[in-house]
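All figures in this text were calculated on a predicted structure; none of them were measured in a lab. Each chain gets a letter, A, B and so on, in the order its sequence line appears, and its residues count up from 1.
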There are 2 protein chains.
Amino acid sequence: MLSSSQPGASKHGQNLNLVFRALGDPTRRELLARLSKGPAMVTELARPFDMSLPAVGKHLRILENAGLIRRTVSGRVHQCALSPLPLKTAGEWLAKYTQFWDETFNSLNEYIRDDNVRE
Amino acid sequence: MLSSSQPGASKHGQNLNLVFRALGDPTRRELLARLSKGPAMVTELARPFDMSLPAVGKHLRILENAGLIRRTVSGRVHQCALSPLPLKTAGEWLAKYTQFWDETFNSLNEYIRDDNVRE
DNA sequence: ATAATAGTAAACCATATGGTTTACTATATC
DNA sequence: GATATAGTAAACCATATGGTTTACTATTAT
């Protein structure tokens, strides 16, 4: 069934791991929401949180490793910007299940059930 | 900016934490893919994996706690079924960023940028 | 030159994840 | 009743997460 190879061995799967795990933390979702309004430096991003600067720095690193933000250093200022493509990837993975969201089990659904949903 | 309250304090946010973290593991995504083709018992679900039954059992528990599967026990058999609503919730969260996916920075995007993306 | 600012690095801690093996419970079968 | 099957429970282990504090580097400002 599904991918016959190892469960998350593909690069694609690895990205999904990093992205979904990154999204699983509320602080990081807040950071993304903030960055959706435009780039910001680290201190600026950290200000709203009741948390040390290094802690926020770590969250940003995780977002960066997931490809969700990019960082440009100029002087001592690290400017962070949203890099939303991985969100699209995640959205596309979820979209494969859209068919199941409306539990109108019609014949189309029947057809889909016989189809493969791949990892 | 965004939610003025605590970062993941809402029940909604808690669900997102559980759901995204559940999706962050390839074994669990495979399990969901398998269940998208119809319900299955635990042993059946575990078979394709090079992993002990208790390990798969734990993954199923995590999926269950995230609301992504339901379990009905009859006799000694635990039947698991996909419960896709939390996927919808996650998809809706992601959908708030759809605007950023196509990097056509038109005037609509400009308008959106002034809008709030909330947690 | 001195001091303040932006940020990372490193050491540390508590708890969570993801896996194992062994033991156990409960149901089904012979 | 004896045995096999389905599955969880519990104890254990290694590593990852999410936070802290202290120390450090590098840039900017006085």
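- Rounded to an integer number of Å, the gap from B/R61 CZ to C/dA16 P is 16 Å.
- Across the protein-nucleic acid pair, A/E44 atom CD and C/dG7 atom C1' stand 14 Å apart, rounded to whole Å.
- Shown here are the side-chain hydrogen bond (donor to acceptor under 3.5 Å, both in side chains) partners of A/R71, two or more places apart in sequence or in another chain: A/E64, A/H78.
- The CD atom of B/Q79 sits 13 Å away from the P atom of D/dT8 (whole-angstrom rounding).
- In terms of heavy atoms, A/N17 sits closest to B/P26 at OD1-CD, 3.4 Å.
- Atom CG in B/L60 sits roughly 13 Å away from atom P in D/dA9 (whole-Å rounding).
- The two atoms that bring A/P48 and A/E44 nearest to each other are CD-O, 3.6 Å, heavy atoms only.
- Closest to the side chain of B/T27, out of D/dG19, C/dG18, C/dG19, is C/dG19.
- One interatomic measurement links the two molecules: CD1 of B/I62 to P of D/dT8, which rounds to 13 Å at whole-angstrom precision.
- When all heavy atoms of B/L18 and B/N65 are compared, the closest pair comes out as CD1-O, 3.7 Å.
- If you find the closest nucleotide of DNA chain D to A/R21 and to A/V77, the one lying nearer the 5' end belongs to A/R21.
- Partners of A/E92 according to the salt bridge (Lys or Arg N to Asp or Glu O under 4.0 Å) rule, which considers only residues two or more places apart in sequence or in another chain, do not exist here.
- Side-chain N/O atoms of A/R71 include none lying less than 4.0 angstrom from OP1 or OP2 on C/dG7.
- Candidate nucleotides C/dA16, C/dG7, D/dG19 were compared by shortest atom distance to the side chain of A/V42, and C/dG7 ranks first.
- Here D/dT20 is the nucleotide among D/dT17, C/dG7, D/dT20 with the atom lying nearest to any side-chain atom of A/A55.
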Using a cutoff of under 3.5 Å, can you pull out all pairs of nitrogen or oxygen atoms linking the protein to nucleotides 22-29 of chain C, with atom names and distances?
residue: C/dT27; atom: O2; partner: B/R76; partner atom: NH1; Å: 3.0
residue: C/dA28; atom: O4'; partner: B/R76; partner atom: NH2; Å: 3.4

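- Shortest non-hydrogen contact noted between B/Y97 and A/L32 is OH-C, 3.5 Å.
- For the pair A/N65 CG and D/dT17 P, the interatomic distance rounds to 10 Å; values are reported in whole Å.
- A/R21 and B/G24 get closest at one heavy-atom pair: CD-O, 3.4 Å.
- The phosphate of C/dG19 (OP1 or OP2) has no side-chain N or O of B/S52 nearer than 4.0 angstrom.
- In this entry the distance linking CG of A/L53 with C1' of C/dA9 reads 12 Å, nearest Å.
- Of the listed nucleotides (C/dG18, C/dT20, C/dG7), C/dT20 has the atom at the smallest distance from the side chain of B/M51.
- Looking at residues two or more places apart in sequence or on another chain, you find a side-chain contact (heavy atoms from CB on, under 4.5 Å) between B/A81 and B/P39, B/R70.
- Taking only side-chain nitrogens and oxygens, B/R28 comes nearer than 4.0 Å to OP1 or OP2 of C/dG18.
- The salt bridge (Lys or Arg N to Asp or Glu O under 4.0 Å) search around B/R76 returns none, not counting sequence neighbours.
- Note on the helix from C/dA1-D/dT30 to C/dC30-D/dG1: angle between the axes of the first and last five pairs equals 10°, rounded to 10 degrees.
- In this structure, A/L68 is a member of the same hydrophobic cluster as A/V42, with clusters built from ILVMFWY side-chain heavy atoms closer than 4.5 Å.
- Here the nucleotide nearest the side chain of B/K58, chosen from C/dT20, D/dA6, D/dT20, is C/dT20.
- Look at CD on B/E64: it is 12 Å from C1' on D/dT8, rounded to the nearest Å.
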